[in-house]
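Scroll down for the structure; my scribbles are underneath it.
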Amino acid sequence: MIKAVKGMNDLYGKDAYRWGRMEEDIKMIVQTANYTEFRTPIVEEIALFKRGVGETTDVVQKEMYDFLDKKGRHIAMRPEGTASVVRAFIEHGISVNEPSPFKLFYIGPFFRYEKPQKGRYRQFHQLGIEIFGDDTPQMDAEMIFTACRVLDHFKIDYEVHINSIGCNECRPVYKEKLIEYFSSKKDKLCEDCCKRIKTNPLRLLDCKSCNMKMEYQKVPVMIDHLCGVCSDHFEKLKKSLRIFHVDPVIDPYIVRGLDYYTRTAFEIVADTGGSQNAVAGGGRYDNLVSDIGGPDTPATGFAMGLERLFDMVPEDFYQTPMVFAGYVLCEEAVDDLVHFAKHMSHHPVTFFADYRPKKIKKALQKADKAQISFVFIFGENEAKNKTVLMKNMTTGEQKTYGQHEVMLIVRELMDASAEFYSKK
RNA sequence: GUGGGUAUAGUUCAAUGGUAGAGCACCGGAUUGUGGUUCCGGGCGUUGUGGGUUCGAGUCCCAUUACCCACCCCA
């Protein structure tokens with residue numbers, strides 16, 4: 001028995017419907033905020049992620065789906081969206097060809113070779129937004145606010161955690177202080193953290209396992225060592241967020257796992273039902289575009305985990321659509337149903353036809369199970385008189401129409417639909 | 001990569017080491033062209049896979065795989 005590949009899921013039926021509606025709503029929200037859709041390939045040269053995401057990150061070191069193609073090119077399936085978008089931004093000269101700031105969003109699948117658990121899969125989906133060419137803290141705030149708008153739409157409770165991780169000026173100075181601090185306490189650090197002192201000292205801050213936890217209060221934190229410009233940026237970010245009615249928690253231990261962030265870093269946490277409680281995360285990355293060989297361009301953005309979001313959208317958030325169906329009771333009536341199906345296809349109602357003759361009892365049973373709102377019965381009598389029996393499955397009312405009166409029928413259905421959806 | 005749990009019918013779950021069952025779902029029926037409720041009928045499934053212990057294994061032991069959860073990390 002062949003099964004789906006580990007960590008990859010099928011989606012069908014009601015869940016697929018809800019997922020589709022969720023994506024529609026998300027698109028509507030970000031498009032209203034003037035983000036335009038940006039689609040990049042699922043795969044890229046692996047070098048892009050190594051440079052963009054960072055050679056030392058877990059994502060690059062052990063979580064990448066990569067392979068050699070038939071020409072021996074080293075390809076990777078995208079583990080995140082920012083690197084690809086930055087590559088495309090540079091490749092198409094968007095900084096000179098499009099008005100600035102350039103605001104975009106993407107929705108799609110991403111791949112990481114991790115051990116699956118709740119809220120974490122090997123193929124997962126993200127909404128991402130990125131803004132190029134605007135270095136203001138106000139734009140950071142608007143970007144975070146946009147994430148909040150999405151969550152608000154789905155009536156989700158969440159907390160916004162923000163931090164500043166400085167810039168090329170102040171971070172190196174701070175890193176030295178951090179290394180100095182931790183070097184004297186090596187005996188209290190876990191194995192991983194001892195290594196991290198050299199490779200990525202910032203990561204020590206959000207290590208949950210090593211017993212430095214108790215002494216976090218004394219650990220020097222970045223926000224106390226920001227340079228003037230960064231400090232000003234952070235203050236204005238907080239102020240702007242408050243204007244947007246976003247009440248942030250200042251969390252000096254947020255360290256993004258990807259290397260490219262500068263200044264603003266943020267995470268949105270919520271009760272996703274599992275231990276993976278970060279539903280969105282991101283921040284500013286003013287150096288990434290130039291690091292990858294593009295023009296010096298400030299940028300900011302975030303990614304949101306759609307599986308984690310989906311798990312929090314209430315089951316009844318979306319009503320299933322109203323469906324109409326046609327059944328035949330005998331062979332002679334089949335062509336009438338075909339004609340009817342053709343006519344119905346011209347109208348904005350969801351209609352399906354079952355061309356297999358069956359007893360009326362069976363037809364109604366099937367309709368009931370499929371939660372059909374109105375059924376159209378084509379039997380011997382109807383075939384003889386060129387009529388159709390329409391039955392309202394909710395009220396039990398039924399009425400016979402001439403088959404030419406389709407317009408009349410459709411008008412009744414539209415009225416019924418309007419009433420149905422207005423109750424939502 | 002490291003732990004813990006689980007694995008039996010389409011599905012959810014039962015079965016003191018002694019012939020594998022139930023609910024739901026599904027299909028059929030309860031005389032004439034009317035659904036939801038009710039009643040009746042319909043089940044041999046290599047008990048995830050491979051070994052072992054035993055007169056006998058769904059049950060005990062070992063291995064393996066998959067799924068779920070957690071660590072790590074991230075969205």
Side-chain angles (χ1 to χ4, degrees), chain A residues 1-9 53-54 56-63 79-82 106-129 147 150-151 158 190-193 196 200 203 206-210 254-258 266-270 272-283 301-312 325 327-330 333 357-375 377-383 389-398 400:
Chain A
M1 184 72 164
I2 297 176
K3 293 198 278 187
V5 172
K6 188 185 184 80
M8 313 215 175
N9 301 306
V53 179
T56 62
T57 60
D58 283 8
V59 169
V60 165
Q61 281 192 345
K62 51 183 198 191
E63 296 173 0
E80 57 103 53
T82 304
Y106 55 81
I107 287 183
F110 294 88
F111 303 84
R112 288 183 200 173
Y113 195 91
E114 299 182 90
K115 199 144 184 181
Q117 67 186 71
K118 189 162 183 61
R120 200 182 66 188
Y121 308 98
R122 289 185 173 183
Q123 175 174 338
F124 60 103
H125 297 76
Q126 287 188 336
L127 156 73
I129 74 171
V150 172
L151 298 173
Y158 58 86
C190 69
E191 203 179 323
D192 284 340
C193 281
R196 289 193 187 116
N200 196 347
R203 286 227 65 86
D206 64 356
C207 175
K208 286 147 202 151
S209 69
C210 75
I254 290 181
V255 179
R256 310 265 61 230
L258 282 38
F266 86 102
E267 261 174 30
I268 299 183
V269 298
T272 56
S275 68
Q276 305 300 321
N277 66 349
V279 66
F302 74 79
M304 184 176 286
L306 296 191
E307 279 79 4
R308 293 175 191 182
L309 174 62
F310 186 75
D311 284 347
M312 293 190 289
Y327 294 93
V328 287
L329 308 184
C330 59
K358 48 178 62 65
K359 289 182 184 171
I360 189 165
K361 193 180 185 106
K362 278 290 147 213
L364 291 172
Q365 260 174 20
K366 273 180 170 287
D368 187 60
K369 268 169 195 150
Q371 298 195 298
I372 304 298
S373 303
F374 286 82
V375 298
I377 302 290
F378 293 82
E380 281 174 41
N381 303 338
E382 287 77 11
L389 179 72
M390 175 170 108
K391 176 160 183 152
N392 181 332
M393 293 296 282
T394 317
T395 64
E397 291 172 300
Q398 58 186 48
T400 299

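- For A:Arg308 against B:rC74, a side-chain N or O and a base N or O form a donor-acceptor pair under 3.5 Å.
- Counting non-hydrogen atoms of neighbouring residues, nucleotides and ligands closer than 6.0 angstrom, the CD atom of A:Glu380 reaches no more than 12 such neighbours.
- Across all strands shown, B:rU46 has no partner, as no Watson-Crick or G-U wobble contact with both distances under 3.5 Å is found.
- Note: OH (A:Tyr327) to P (B:rG33) measures 19 Å, nearest angstrom.
- To the nearest angstrom, C1' of B:rA75 lies 11 Å from CG of A:Asn277.
- Of the possible polar contacts, none joining the A:Glu307 side chain to the A:Arg120 backbone as a donor-acceptor pair under 3.5 Å is found.
- B:rA7 and B:rA15: their P atoms are spaced 11 Å apart (whole Å).
- Residue A:Lys115 is classed as a base contact, given a heavy-atom separation below 4.0 Å to a base.
- Atom CG in A:Asp311 sits roughly 14 Å away from atom C1' in B:rC68 (whole-Å rounding).
- Looking at A:Arg112, its side chain never comes within 3.5 Å of a backbone N or O of A:Val59 through a donor-acceptor pair.
- Distance noted for atom C1' between B:rU12 and B:rG17: 27 Å (whole Å).
- Here B:rC39 sits opposite B:rG29 as a Watson-Crick or G-U wobble pair (both hydrogen-bonding atom distances under 3.5 Å).
- With hydrogens and angles ignored, a donor-acceptor pair closer than 3.5 Å exists between the side chain of A:Gln276 and the base of B:rC73.
- With B:rC73, B:rA70, B:rG29 as the choices, the nucleotide that has an atom nearest any side-chain atom of A:Arg120 turns out to be B:rC73.
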Any chance you could list the contact pattern along nucleotides 35-41 of chain B? Use B for base contacts, S for sugar-phosphate-only contacts and - for none, protein heavy atoms under 4.0 Å, 5' to 3'.
-> BB-----
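- Distance, A:Asn9 CG to B:rC68 P: 7 Å, rounded to whole Å.
- Using atom P as the reference point in both B:rU2 and B:rA63, the two lie 15 Å apart (nearest Å).
- The phosphate of B:rC71 (OP1 or OP2) has a side-chain N or O of A:Ser275 nearer than 4.0 angstrom.
- No donor-acceptor contact under 3.5 Å links the side chain of A:Arg112 to the base of B:rC73.
- Using a 4.0 Å heavy-atom cutoff across all strands shown, A:Gly119 reaches at least one base atom of the nucleic acid.
- The shortest distance between the side-chain N/O atoms of A:Gln117 and the OP1/OP2 oxygens of B:rA70 is below 4.0 Å.
- Across the P atoms, B:rA20 and B:rG48 are found 15 Å apart, a figure rounded to whole Å.
- For the pair A:Ala303 and A:Gln126, the tightest heavy-atom approach, listed with the atom from each and the gap, is CB-OE1, 3.6 Å.
- When all heavy atoms of A:Lys6 and A:Pro116 are compared, the closest pair comes out as CE-CD, 4.0 Å.
- Under the Watson-Crick or G-U wobble criterion, with both distances below 3.5 Å, B:rA9 has no partner in any strand shown.
- Toward the 5′ end of RNA chain B lies the nearest nucleotide of A:Gly7, the other residue of the pair A:Tyr121 and A:Gly7 mapping further downstream.
- Minimum interatomic distance between A:Tyr106 and A:Thr82 (heavy atoms only, all atoms of both residues): OH-N, 3.8 Å.
- By the 5.5 Å and 30° criteria, A:Phe110 is not stacked with the base of B:rA75.
- Remark: A:Arg122 fails to qualify as a cation-pi partner of A:Phe111 under the 6.0 Å distance and 45° angle criteria applied to the six-membered ring.
- For B:rG3, the paired nucleotide is B:rC69, the pair qualifying as Watson-Crick or G-U wobble because both relevant distances are below 3.5 Å.
- A 6.0 Å sphere centred on CZ of A:Phe310 holds more than 12 heavy atoms belonging to other residues, nucleotides or ligands.
- On the C1' atoms, B:rG52 is 22 Å away from B:rA66, given to the nearest whole Å.
- The nearest whole Å value for the distance from the CD1 atom in A:Ile268 to the P atom in B:rA75 is 12 Å.
- If you find the closest nucleotide of RNA chain B to A:Lys62 and to A:Gly282, the one lying nearer the 5' end belongs to A:Lys62.
- Residue contacts shown for A:Leu127 are absent, as no nucleic acid heavy atom lies under 4.0 Å away.
- Taking atom C1' on both nucleotides, B:rC72 is separated from B:rG10 by 37 Å, rounded to a whole Å.
- Scanning all heavy atoms of the two residues, the minimum distance from A:Val279 to A:Arg308 falls at CG2-CB, 4.3 Å.
- The gap from the P atom of B:rC40 to that of B:rU59 amounts to 35 Å, rounded to the nearest Å.
- At whole-Å resolution of the value, NZ in A:Lys6 and P in B:rA66 are 5 Å apart.
- For B:rU47 and B:rU19, the P atoms lie 15 Å apart once the distance is rounded to whole Å.
- Taking atom CD on A:Glu63 and atom P on B:rC73, their separation rounds to 10 Å, with Å as the unit.
- Among the heavy atoms of the strands, none lies under 4.0 Å from A:Gln61.
- The interatomic distance linking A:Asp58 (CG) with B:rG1 (P) rounds to 14 Å, in whole Å.
- The shortest side-chain heavy-atom distance between A:Lys391 and A:Leu364 falls under the 4.5 Å cut-off.
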